[in-house]
Amino acid sequence: MARKVVSEKIQANILCKCGRRCALCFGLNNDTKIKKGQIAHIDRDNTNSDEENLVYLCLDHHNLYDSKFKQTKNFITLEVKTYKKELENYIERQKNENIKYVDEDYNLFLVLKKYFIDSGILTKFKNFIFSTPYRLEEFEISEGLYGSDLINDYEDQYPEVNFKDSYLKEQFNIFKENYYYAESLLSYKYQNYNNDASHMVYNIHYTYEERLNHIEEFDNYRINILESFGKIMDYFNEF
Ligand SMILES: [Zn+2]
């Protein structure tokens, strides 16, 4: 009988469910890397193109499976079917995990965007000229507990606010640390000369050299703040 063409829909189903991982690599070696491969007929009958009879195999395993050599008898159909099913379950679990993480990370991103971008606070950081007076509340994010939680980790009392994704987590840690230092530097090097306790003026008693050091230190924090947040924004494609 002539070889029956596998419909595109069935091919797509097979490829999506295994994520282009080879069932034999997975079953035999616990190898979950994406492989170049082909769709093989489990019962070695080219005319039987039902989805249950098809499996994605890497090129090496496909050759081995279809070859007439004696060793291929080692792969019995039930074995391949079992690996195929286990691999599909594994891929399904991975997808669910990722979706959960992506949703949580995206929600945190929206919170950060609200506090740091929509509020205009990072623009103020970007344009800030050291030794000019400023209003304290322009650089404060501690509106309510959650706002200050974003920067300060109250380790014992509350769980740390952070991303699940390791790259985002790393960037956010850089952001938090530098934001914390930048904010501290401003409140420490500036003094309040106003009665309404809001207008901050750079302390005039610092020497010229000290002032240069303060500017340099602050600019380092500022660059790290803007770069790390830029990377988080890039990740979510909203820059
Ligand atoms: Zn393989």
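Heavy atoms only: backbone and side chains are in, while hydrogens, waters and symmetry mates are out. Being a predicted model, the structure only gives us computed values, none of them experimental. Just so you know, ligand 1 is whichever comes first in the structure, and atom 1 is the first atom listed for that ligand.
Around the Zn ion (ligand 1), protein N, O or S atoms at a distance under 2.8 Å total 4; waters are neither shown nor counted.
Proximity of F236 to K113: side-chain heavy atoms (C-beta onward) are nowhere separated by under 4.5 Å. By the 4.5 Å heavy-atom criterion applied to side chains, Y179 and I121 are counted as neighbours.
Y221 and E217 share a donor-acceptor pair across their side chains, judged by distance under 3.5 Å alone. Looking at N162 and N173, their side chains do bring a donor and an acceptor atom within 3.5 Å of each other.
Environment of OH in Y181: sparse, with no more than 12 heavy atoms of neighbouring residues, nucleotides or ligands closer than 6.0 Å.
For the pair E138 and K124, the salt-bridge criterion is not met [side-chain N within less than 4.0 Å of a carboxylate O].
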